[in-house]
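Inspection log for the structure reproduced underneath, given as C-alpha cells.
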Amino acid sequence: MDLPFLHYALIALAAFGAGAMNSVAGGGSFLSFPALLAVGVPPVTANASNSVALWPGSLAGAWAFRSELLRFKSALPRLTLVAFVGGIAGGLLLLATSNAAFSRLIPWLLLLATVLFAFSPQLSRLLAGRRATAASAHQVGPGGLLFQFVVSIYGAFFGAGMGILMLAALAIQGFEDMHEINALKNWLSAVIYSVAVATFVIAGAISWPHTLVMLLTGTLGGYWGARLARRIPAQWLRRFIVAVGIFLTLYYFYKTP
C-alpha cells in the first residue's frame, strides 16, 4: 500500500509531537490518532496502529525518567502487574468493539480523563486523610491499585487520554511531584502499550504502512519530550494538560455524529 508524500509527512510529524507530549504530560494520541483518521484509517485500526507506533516512545520516556522511577521500587512490581492485566483486558475489549460504537465513545472518554485531571487537587484533598502517609512513602494502596487497573483497561482500549487519566489517578492518590508522577506514568504506559501491541499484532489489527512511518518519529519525540519535561515548571505542565484535554474533547464532540 503506497502512501502519498503528504500522508507520510502528516503522520510522521503527528507521531513526533505525540511522543513528546506523552513524555511531557500525556495526551499525545490527541495528535497522532486524528492524523491516522485524517489519512483514511478506520477508527479501531487507527487506535490499534497508534498504540503500536507510540509504544517505543513510551519506553524512551520511561528510560529518561529512570532516576525518579527508582523511588517507587517497592510499589512498582504490583503496579506493573496491574497494568499488564488491565492492558490485556482493554486490548481485547477494543477488538470486540465496532468502529461506529468506538467513534461515539471517543468524546466521552476524553471528557472523563480531562475532568478527573482538572479536579484532581480537590479530589486529592478530600482523600488526604486516607493516603497521605502512603504517598509520602511512595506507596500505592488497594484503592490506588484498583484505580490503576481501570486506567490500564481504558489505556489499552483507547490510547488518547490515557496519560491524562493516569496522571489524574496518581495525583488523586496524593502524589504531588509532577516529575515523579511522569516517571510512573511513562513506565506504566509502556507496560500497557506493550501488552496492547502484542494483542493487536496477533489479531492482525494493524495498518503497518502507517505504523512503521510513525514508529521512528514517535520514539524520537518521546525521548526529546522527556528531557524537556524536566525543565518545565509543574504548574505549567498541569495547565497545558488541561488545555489540551478541553480542546480535544470539544473537537471530538463537534466531529462525532
Side-chain angles (χ1 to χ4, degrees), residues 15 18-19 22 26-30 32-37 41-59 61-62 76-113 116 140 142-170 184-212 214-215 218 222 252 256:
N22 280 344
S29 289
F30 292 150
S32 51
F33 179 65
L36 285 166
L37 295 179
V41 182
V44 171
T45 301
N47 195 51
S49 300
N50 184 64
S51 295
V52 176
L54 297 184
W55 168 55
S58 64
L59 292 173
L76 206 56
R78 286 173 294 162
L79 284 168
T80 301
L81 178 61
V82 165
F84 180 83
V85 176
I88 293 175
L92 294 175
L93 182 61
L94 175 66
L95 294 176
T97 304
S98 69
N99 283 308
F102 185 74
S103 295
R104 289 192 295 270
L105 283 173
I106 290 172
W108 296 102
L109 293 171
L110 296 180
L111 177 63
L112 171 65
L116 277 176
V140 178
L145 291 173
L146 178 61
F147 202 163
Q148 183 57 50
F149 179 67
V150 174
V151 173
S152 300
I153 294 174
Y154 171 95
F157 178 73
F158 182 54
M162 174 178 68
I164 292 177
L165 189 54
M166 196 177 296
L167 289 170
L170 294 168
L184 263 186
K185 182 262 297 177
N186 284 337
W187 168 253
L188 296 175
S189 296
V191 173
I192 294 166
Y193 275 135
S194 297
V195 177
V197 163
T199 304
F200 299 148
V201 170
I202 292 171
I206 309 301
S207 175
W208 285 111
H210 301 85
T211 302
L212 293 175
M214 299 172 74
L215 274 170
Y252 275 102
T256 302

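Computed from a prediction, not measured in an experiment: that's the story for all the values here.
- Heavy atoms only, all atoms of each residue included: I153 and A89 are closest at CG1-CB, 4.1 Å.
- Here the straight-line distance linking atom CZ of F84 with atom CG of L79 works out to 15.0 Å at 0.5 Å rounding.
- Side-chain atoms of F147 and V82, non-hydrogen and from C-beta on, never get closer than 4.5 Å to each other.
- Expressed to the nearest 0.5 Å, how far OG of S32 lies from NE2 of H210 amounts to 13.0 Å.
- Rounding to the nearest 0.5 angstrom, the gap separating the CD1 atom in I206 from the OG atom in S51 is 7.5 Å.
- The side chain to side chain contact (heavy atoms under 4.5 Å, CB included) test with V197 singles out one residue from T199, V201, V195, and that residue is V201.
- Counting heavy atoms from C-beta outward, T80 and W187 have side chains that approach closer than 4.5 Å.
- The side-chain hydrogen bond (donor to acceptor under 3.5 Å, both in side chains) check on S152 picks up Q148, with sequence neighbours excluded.
- Looking at every heavy atom in both residues, A156 comes nearest to L94 through O-CD2, 4.2 Å.
- To the nearest 0.5 Å, atoms CG (L93) and OH (Y154) are separated by 12.5 Å.
- In plain terms, the two heavy atoms of L36 and A46 that are nearest each other are CD1-O, 3.3 Å.
- For P43, the side-chain contact (heavy atoms from CB on, under 4.5 Å) partners are L37, N99, F102, S103, not counting sequence neighbours.
- The two residues L54 and A18 make their nearest non-hydrogen contact at CD2-CB, 3.8 Å.
- Expressed to the nearest 0.5 Å, how far CG of L76 lies from CG of L81 amounts to 11.5 Å.
- In this structure, T97 and V44 approach most closely via the heavy-atom pair O-CG2, 3.5 Å.
- The main-chain N or O of F33 is never found under 3.5 Å from a side-chain atom of N47 such that the two would form a donor-acceptor pair.
- Put simply, CZ on F200 and OG1 on T45 are 10.0 Å apart, with the number rounded to the nearest 0.5 Å.
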